[in-house]
Amino acid sequence: MYSDTEEISRSVKDTAMSIACEYKSGLEGIPASQSSISYIDGHKGVLEYRGIPIEELADRSTFIETTYLLIWGHLPSAAEVDAFEYEISHHRRIKYKIRRMMEYFPETGHPMDALQSSAAALGLFYARRALDDPQYIRSAVVRLIAKIPSMVAAFNLMRKGNDAVMPRDDLDYAANFLYMLTESEPDPLAARVFDVSLILHAEHTMNASTFSARVTASTLTDPYAVIASAVGTLAGPLHGGANEEVLDMLEKIGSVENVRPFVEDCIARKAKIMGFGHRVYKVKDPRANILQSLAEKLFDKFGHDKYYAIALELEKQISEKLGPKGIYPNMDFYSGLVYRKLGIPRDLFTPVFAIARVAGWLAHWKEQIGENRIYRPTQVYTGEHNMHYIPIDKR
Ligand code: ACO
């Protein structure tokens, strides 16, 4: 209960606060942190990791080298990258007890839910939390980068009643994942395409899952909890989950002739078209261009995908009709076609995105704890004041 004077002064204060900090739905355009990890110019279609254009990294780097760059802030020397790769290749196995735990996951469960639970379980086994110790940070990075792919591949086999395939230390990161998934050694082009797609998905400034990772990191909890919270955020259809829905949509359209009526119907109903639009890019996402050329390389070597012609027509129609509003393909539009050609099951598309994005989340975790202040934003209260409790028999 407030006195009249208190009430007036409180309401003046609330009004002053809401004028001082304008509320923006979805925090659009509001900086949530300072960061030197990646940079986007959404009008020019530029994406840089630590200042290096994504096109150069996709052309010349590897996922492991890019991960090192993102987390430690510089391109590693040959000795540094070799040591990092060696450590990762020797931490790929997942503990027997975690595998046993995963065997009890329902086989109908979504692999993102399985991944979120198993990532969180790592915290039970590697509980020491020494966030000021560079060795602890390094070992947590190595474990997460090494084990997340093994968990994704293991759940995929276990849900079909099979044992997980043991990782192969002699295969590089991307080839080993495809091997654990398909139980056969991948073609070198397939392995390279997968490695490049990991580079493209590794980091993307302050998106929803990265924000989630930073908020969790700011409480100084362990890095496994940070990654588990980010995985949960990535799972939604407006974020990482869109790539699965793109293929569903292409199949539903069914033919090039059906594209125009599909687009017209979506526009009339104001329905979102999956794989298009982005909060930051107002031109075609630069990663979509690279993924499109990777898809074409795969089609040339392993055979065409009939849905590619539908995708091209859809891109043409949307660009004509919604381009003036800044709506063009985002990364998810072509990633599904690439993943399907690599033999990756559809419900693993988002977990595969997570395998890559762990690199970015860990870079943000390290940056956040390096100069930490706990996240504690405010809100614009829209509820009532001066209400009173009513006994249940009087309501
Ligand atoms: N199809 C049709 N219209 C669209 C689309 C789309 N995919 N995306 C945005 N628009 C339109 C909206 O209807 C809205 O129009 P209006 O101003 O006339 O009402 C305008 O563009 C702005 O859209 P918002 O939803 O306000 O944009 P926001 O920045 O909030 O959303 C998002 C961005 C979530 C990516 C959105 O474009 C979308 O839902 N796209 C489809 C899902 C998708 O592909 N997600 C993957 C994103 S990339 C990633 O996470 C890796």
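Keep in mind that this is a model prediction, so the values were computed, not measured. Note: hydrogens, waters and symmetry copies are ignored here, and every other heavy atom, side chains too, is used. Order of appearance sets the numbers: ligands from 1, and atoms from 1 within every ligand.
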Please enumerate all residues that pass side-chain hydrogen bond (donor to acceptor under 3.5 Å, both in side chains) together with Thr210, with sequence neighbours excluded. Asn207
At their closest point, which heavy atom of Arg357 faces which heavy atom of Glu203, and how far apart are they? NE-N, 3.5 Å
Residues clustering with Val46 (ILVMFWY side chains joined when closer than 4.5 Å, directly or via others): Tyr39
Note down each nitrogen or oxygen pair, ligand 1 side and protein side, whose separation is under 3.5 Å; give only atom names and the distance to 0.1 Å.
residue, atom, partner, partner atom, Å
ligand 1, 1 (N), Ile273, N, 2.9
ligand 1, 7 (N), Ile273, N, 3.3
ligand 1, 7 (N), Ile273, O, 2.7
ligand 1, 7 (N), Phe276, O, 2.7
ligand 1, 15 (O), Lys325, NZ, 3.0
ligand 1, 18 (O), Lys325, NZ, 2.8
ligand 1, 25 (O), Lys272, NZ, 2.7
ligand 1, 29 (O), Arg279, NE, 2.7
ligand 1, 30 (O), Arg279, NH2, 3.0
ligand 1, 40 (N), Phe276, O, 2.9
ligand 1, 44 (O), Gly275, N, 2.9
ligand 1, 44 (O), Asn330, ND2, 2.9
ligand 1, 45 (N), Leu238, O, 3.4
ligand 1, 50 (O), His239, O, 3.4
ligand 1, 50 (O), His239, ND1, 3.0

Can we call the ring centroids of Tyr328 and Tyr281 under 6.0 Å apart? no
Lys/Arg N to Asp/Glu carboxylate O, Glu251 vs Arg340, below 4.0 Å: yes
Tabulate below the donor-acceptor pairs under 3.5 Å that side-chain atoms of residues 218-227 make, not counting sequence neighbours, or state none.
residue, atom, partner, partner atom, Å
Ser218, OG, Val215, O, 2.8
Ser218, OG, Tyr375, N, 3.1
Thr219, OG1, Thr216, O, 2.8
Thr219, OG1, Thr221, N, 3.4
Asp222, OD1, Tyr224, N, 2.8
Asp222, OD1, Ala225, N, 2.9

